[in-house]
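A short worksheet on the structure shown next.
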Amino acid sequence: MSASTPEHTSSDSTHSGETPRLRYNASLASDIEQRWQDQWESDGTYEAPNPAGPLADLAKVAGRPKLFVLDMFPYPSGAGLHVGHPLGYIATDVYARYKRMTGYNVLHALGYDSFGLPAEQHAIATGVHPRVNTEANVANMRRQLRRLGLGHDARRSVSTTDESFYRWTQWIFLKVFNSWYDEDLKRARPIDELEQGYADGSIATPDGRSWADLNKAERRSAIDARRLAYLSEAPVNWCPGLGTILANEEVTADGRSDIGNYPVFKKSMRQWTMRITTYADRLLDDLERLDWPEPIKLMQRNWIGRSEGARVHFASPVGDLTVFTTRPDTLFGATFMVISPEHPLVDALTTDENRQAIQDYRVAASAKNQFDRTDDTKEKTGVFTGTYATNPVNGAPVPVWVADYVLMGYGTGAIMAVPCGDQRDFDFARRFNLPIPAIQQPPAEWFTSRELEVQRGSTVDTSTWPEAFVGDGVYINSSNSDLTLDGLASVDEGKSVMNTWLEANGRGNANINFKLRDWLFSRQRYWGEPFPIVYDEDDQPVSLPDSMLPVLLPELEDFKPQALDPNDDVTDPIPPLARSTEWREVVLDLGDGPKKYRREINVMPQWAGSCWYELRYLDPTNTDYFVDPEVEKYWMGPADGGDGTTGHTGGVDLYVGGVEHAVLHLLYARFWHKILFDLGHVSSSEPFYRLFNQGYVQAFAFRDPRGQPVPASDVEERDGAYWYEGEKVSREYGKMGKSLKNIVTPDEMYDEYGADTFRLYEMSSGPLEASRPWNTRDVIGMQRFLQRVWRNLVDEDSGRSLVIDTPATEELRKLMHRMIDGIRADMDALRFNTAIAKLIQLNNALTQEAAAVGGSPREVVVPMVQMLSPLCPHIAEELWSRLGHDQTVTFVPFPIADQSLLVEETIEYPVQINGKVRTRLTVPHDADQATIQALALADEKVIAALDGEVPKKIIVIPGRMVNLVV
RNA sequence: GCCCCGGUAGCCCAACGGCAGAGGCAGCGGUCUCAAACUCCGUACGGUGUGGGUUCAAAUCCCACCCGGGGCACCA
């Protein structure tokens, strides 16, 4: 390969004598960049070879370690990119390029997450079909990103809306549907093995009868009850404003939709659900084996929300009422119970005289949206059912109340209330005058800090307490004839004693509960993957065979979701696919002759495609399988060669993206990947081994005195204030957005500076993980740097090379090796900001030497261009070519520092007296401590400063400094 | 309310517990120029949000608080 390097360019410099013909400016940069982009494309420079299949190139795979670098793929929004978007893409590109230069076979590609709500909403607004709109957006993003010079393997760029892609999304859905979770083996297994287990008696049927005694419908329901994807009639998050239901993860804390901010209501509907809760333990435990930022792990742990406790059965006139508690040890203090308004036993427990009040309360509770319902600042409400249950440890009657602070979706939807030890129960008991017996002795300080007399033993009287006592305290009033906790001081011991008693007496058992709920997997929209499911004459779901995939999204005249008032929580949703009777009603032969079926008319949620897209990058053209196992093992297999269940999990080597997907995409993708792992389709047990969260590029926005945003680019700063058209405006810091009039696009940067300058600025403005403000004013600094590099190598007027073959001075050579050493370490650790600082430092030193000796020594220029190339590949390729190379710099080995040049012969030691620097000593680098100490004590300034005093202590840190303590 | 992350020069940011400054922007002085732009050279008493503590030594470790950003929030 070789891109021709024309000596003409810079159209703006041809007629004015002022700017040199080959000044490195936006125009020359643009010329260089687009020329090399074309060259890379035609050479397939960044195409990564596979070990097998259509993209195989065994000669290129051999002897190179592999590296799979991944970005969170973008949603192709119609607004295009702003300068904040590419931060992570540039970083992964720099890293991928660096790793190629250290010998790796690097896979780096970018696809598009192109199903989803925004395209559909755009379609509603414009009447343009979402596919047309989506494809136009993808094309525009491709153009913007190509101009950045990202070294992606274009062959692997898939879109989730491609039929050849979503065919496999549907295929994976069927794998999930046709699997069950074996709680003993702790893994998913094919559904056939469940049926076999039922048939041969090794697995008990739900009601314990033998398989032979079950009729067809009962058998079917026994199997369907265990599927990992199942239909359930349950309260779901219904968002009329969007015309669809949403996953818990898509609903904000104040009960509104993540997208669009519409109200969300609880509504009972029959929906597809994924049994992610069966994986709760593994999703939690395997976090330990991942190289992820600790805060993200924490967010996932919190979301999964594991609590250890016990289930306790309280006898009641209508049967056992079971509660979940994390504090079984406090059972002696349980004086009432509260059940959720949705609890199935509410009607049975309600006595006639309380029926009207309970009914009114339930109606009121169901009318509240989630926000009102879970607002913990409000006073507690509740109604007595009229019924008493029995406390299993002391036989005491406990009134059963209904209150909306108890949620049906968590635990058993019923709690035992221990008002002395739980603030909510305490509040509730005070409000309704229920007794509050003490079962733990608070310590003396607890009373004194609340300005109470210290109460002990029989004087403990909760009626004077301002609040519940929550903490460790010796148990009191906690015994019956064969169980006593009294005198114990350890909560752990109390729990364990109580759990043993409960189990021995059949009144409960130790139990673990999770906050995580199963994942609602259907959406009432058009622009998503259709389910590969039909319903038979019994209205039961049947999976389609692989040969009928993909189930294509039908072309509809009217693809709009149903338009509803955002507050209409009564009307049922009607998915757009319901409108095509022709598509919905089909006659199929599923092995037992042609029959009539009805297709599933919901579609999958946005997250489906992103649950597995990284696997398709590996083998994008495979028509027989979603990914060739050999190819998957090569790119994603466990690094320790193990089976993935222990040790290294395998997965993507580096995954870079924003923190906003901490509990959505990252949890769902892990879940799907684990199912595929259990079923033997992938060798890695986690999709993303190492995760890195990049920060956000934010921006300032300015508002005039009326609060209207004004164009940020036209605001001037004077005397610490901001002005727009003579008017003082206020400044705020936050996101870039059209409505805030503060968007800066990559295209503007390409036009004004070129892609290399833009890349360099993005990487230099701060550490990758930090958010920082965009400051167009600062970009010029990186342009000047590249100009200086260019000018050190190329004569701006003639294009003549300024590189000389005379050796560099010792000083410059040593500096260069120090920089090589540091830049390698920075690159490995993704610290591109400090790597750039070192390159500038090196070039600044080169500039001085070049001026002194009349040229730039080749021994410095060559490594510098190599080190520059991951960060700004176009100018580096151009300079590399001008240095006389006819091959791309992409695979040239990254420079290695000569360790012998890193050691300075002498070291300057600061000498401190009591921590203050008094003088400096120049000492040979190999001087021992005694020598350094002697030199320090002999120094005139030290002698003067000590003024005859003898130091009490002398600290000599080799290579660092000396401190004398007097 | 609880939990994370961060506060260093006018701005963006560097500093294995060891001389607070690598780099960039802006500013200032000089160099070039008839002048300017460009270039090149030079230029930092800010003591690291506040208050304590540990240490010979703290931006760095510990405690409390303040400010900014984010997550969770009646989860029994």
Side-chain angles (χ1 to χ4, degrees), chain A residues 18-20 23 25 253-254 293-299 301-303 305 307 309 323-327 330 338 373-378 380 403-407 409-418 422-425 427-428 513-516 659-660 662-663 693 695-696 698 717 720 733-734 760-761 764-767 769-782 784-785 787-788 791 796 819 822 831 833-841 844 847-848 851 908-920 951-955 957 959-966:
Chain A
E18 289 169 4
T19 307
R23 162 70 44 87
N25 55 20
D254 51 355
E294 207 48 49
I296 300 289
K297 289 188 181 183
L298 199 61
M299 283 162 73
R301 284 190 199 109
N302 289 341
W303 189 261
S307 308
V323 302
F324 172 75
T325 174
T326 53
R327 293 294 302 275
T330 62
V338 186
R373 179 101 183 240
T374 58
D375 179 4
D376 59 358
T377 58
K378 263 192 2 262
K380 299 276 174 284
D404 64 4
Y405 76 90
V406 174
L407 308 174
Y410 183 77
T412 61
I415 64 162
M416 65 180 211
V418 183
D422 181 285
Q423 191 58 42
R424 281 162 306 153
D425 298 345
D427 293 342
F428 194 88
N513 214 347
F514 293 93
K515 277 204 279 187
L516 184 70
V659 72
E660 71 272 17
V663 289
N693 290 121
Y696 296 110
Q698 298 193 296
E717 184 181 355
Y733 179 58
L760 218 43
Y761 172 69
S764 70
S765 61
E769 66 274 22
S771 293
R772 73 292 299 260
W774 176 264
N775 231 328
T776 299
R777 199 179 64 172
D778 291 353
V779 178
I780 188 73
M782 292 302 119
R784 287 190 195 135
F785 163 54
Q787 257 169 21
R788 287 198 299 271
R791 221 176 3 244
E796 288 185 325
M819 295 301 111
R831 291 190 305 250
N833 54 328
T834 51
I836 291 168
K838 290 181 178 77
L839 281 165
I840 295 173
Q841 205 181 339
N844 287 349
T847 305
Q848 298 218 342
E908 195 180 61
Y909 278 74
V911 181
Q912 297 179 342
I913 296 178
N914 288 340
K916 289 183 95 175
V917 178
R918 291 305 171 90
T919 186
R920 290 162 207 285
K952 268 187 286 190
K953 198 168 177 184
I954 302 174
I955 294 123
I957 311 295
R960 286 278 168 196
M961 45 82 65
V962 178
N963 192 10
L964 308 175
V965 186
V966 297

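None of these values were measured; they are calculated from a predicted model. Letters go in sequence order (proteins before strands), and every chain restarts at 1.
Nearest to the side-chain atoms of A:Pro295 among the listed nucleotides B:C4, B:G23, B:A76 stands B:C4. The listed nucleotides are B:C56, B:G18, B:C74; the one nearest the side chain of A:Gln912 is B:G18. Of the candidates B:A15, B:G23, B:A76, the closest approach to any side-chain atom of A:Ile415 belongs to B:A76. Nearest to the side-chain atoms of A:Arg791 among the listed nucleotides B:C4, B:C11, B:C40 stands B:C40. In this structure, of B:G23, B:G24, B:C41, it is B:G23 that holds the atom nearest to the side chain of A:Gln841. Of the listed nucleotides (B:G18, B:U39, B:A14), B:A14 has the atom at the smallest distance from the side chain of A:Asn833. You'll find that the side chain of A:Leu407 is closest to B:C75, out of B:G23, B:C56, B:C75. Candidate nucleotides B:G23, B:C40, B:A76 were compared by shortest atom distance to the side chain of A:Arg788, and B:C40 ranks first. Of the candidates B:C72, B:C13, B:A26, the closest approach to any side-chain atom of A:Lys515 belongs to B:C72. Set against B:C4, B:C56, B:A15, the side chain of A:Thr834 has B:A15 as its closest nucleotide.
Rounded to whole angstrom, the span from the CE atom of A:Met416 across to the P atom of B:A76 amounts to 12 Å. Distance A:Met961 CE to B:G17 P: 15 Å, rounded to the nearest Å. Atom CZ of A:Arg777 is separated from atom P of B:C13 by 14 Å (rounded to the nearest Å). A:Arg772 places its CZ atom 22 Å from the P atom of B:G68, with the value rounded to the nearest Å. Here the C1' atom of nucleotide B:C74 and the CG atom of A:Asp404 are 9 Å apart, to the nearest Å. The interatomic distance linking A:Leu839 (CG) with B:A14 (P) rounds to 16 Å, in whole Å. Rounded to an integer number of Å, the gap from CZ of A:Arg831 to C1' of B:A15 is 12 Å. Atom CZ in A:Phe428 sits roughly 13 Å away from atom C1' in B:A76 (whole-Å rounding).
For A:Arg301 and B:C4, the shortest distance from a side-chain N or O to OP1 or OP2 is not below 4.0 Å. A close approach under 4.0 Å does occur between a side-chain nitrogen or oxygen of A:Arg784 and OP1 or OP2 of B:U39. Checking the phosphate oxygens (OP1, OP2) of B:C74, no side-chain nitrogen or oxygen of A:Gln423 falls inside 4.0 Å. Note on A:Lys953: a side-chain N or O is less than 4.0 Å away from OP1 or OP2 of B:C56. At B:C38, none of the side-chain N or O atoms of A:Asn25 fall inside 4.0 Å of OP1 or OP2 (strictly under the cut-off). Contact between the side-chain N/O atoms of A:Arg960 and the OP1/OP2 oxygens of B:C56 is not found at any separation under 4.0 Å. The phosphate of B:C13 has neither OP1 nor OP2 within less than 4.0 Å of any side-chain N or O from A:Ser764.
For the residue pair A:Tyr761 and A:Thr776, no side-chain donor N or O sits within less than 3.5 Å of a side-chain acceptor on the partner. Under 3.5 Å, the side chains of A:Arg788 and A:Thr847 contain no donor-acceptor pair of N or O atoms. Between the side chains of A:Gln423 and A:Asp427, at least one donor-acceptor pair of N or O atoms lies under 3.5 Å.
Each of A:Phe324 and A:Phe785 has a nearest nucleotide on RNA chain B; the 5'-most of these lies closest to A:Phe785. Map A:Trp303 and A:Gly411 each onto its nearest nucleotide of RNA chain B; the residue landing nearer the 5' end is A:Trp303.
When ring centroids are compared, A:Phe428 and A:Tyr405 come within the 6.0 Å threshold.
One P atom belongs to B:G70, the other to B:G52, and the distance between them is 32 Å to the nearest Å.
Across all strands shown, B:G18 forms a Watson-Crick or G-U wobble pair with B:C56, both key distances being under 3.5 Å. Shown here, B:A44 forms no base pair; nothing in the strands shown gives a Watson-Crick or G-U wobble contact with both key distances under 3.5 Å.
With rounding to the nearest 0.5 angstrom, the CD1 atom of A:Ile836 is 13.5 Å from the CD atom of A:Gln841.
With respect to A:Arg301 and A:Glu294, a salt bridge is recorded, a charged nitrogen being found less than 4.0 Å from a carboxylate O.
With hydrogens and angles disregarded, a donor-acceptor distance shorter than 3.5 Å links the side chain of A:Asp425 to the backbone of A:Val418.
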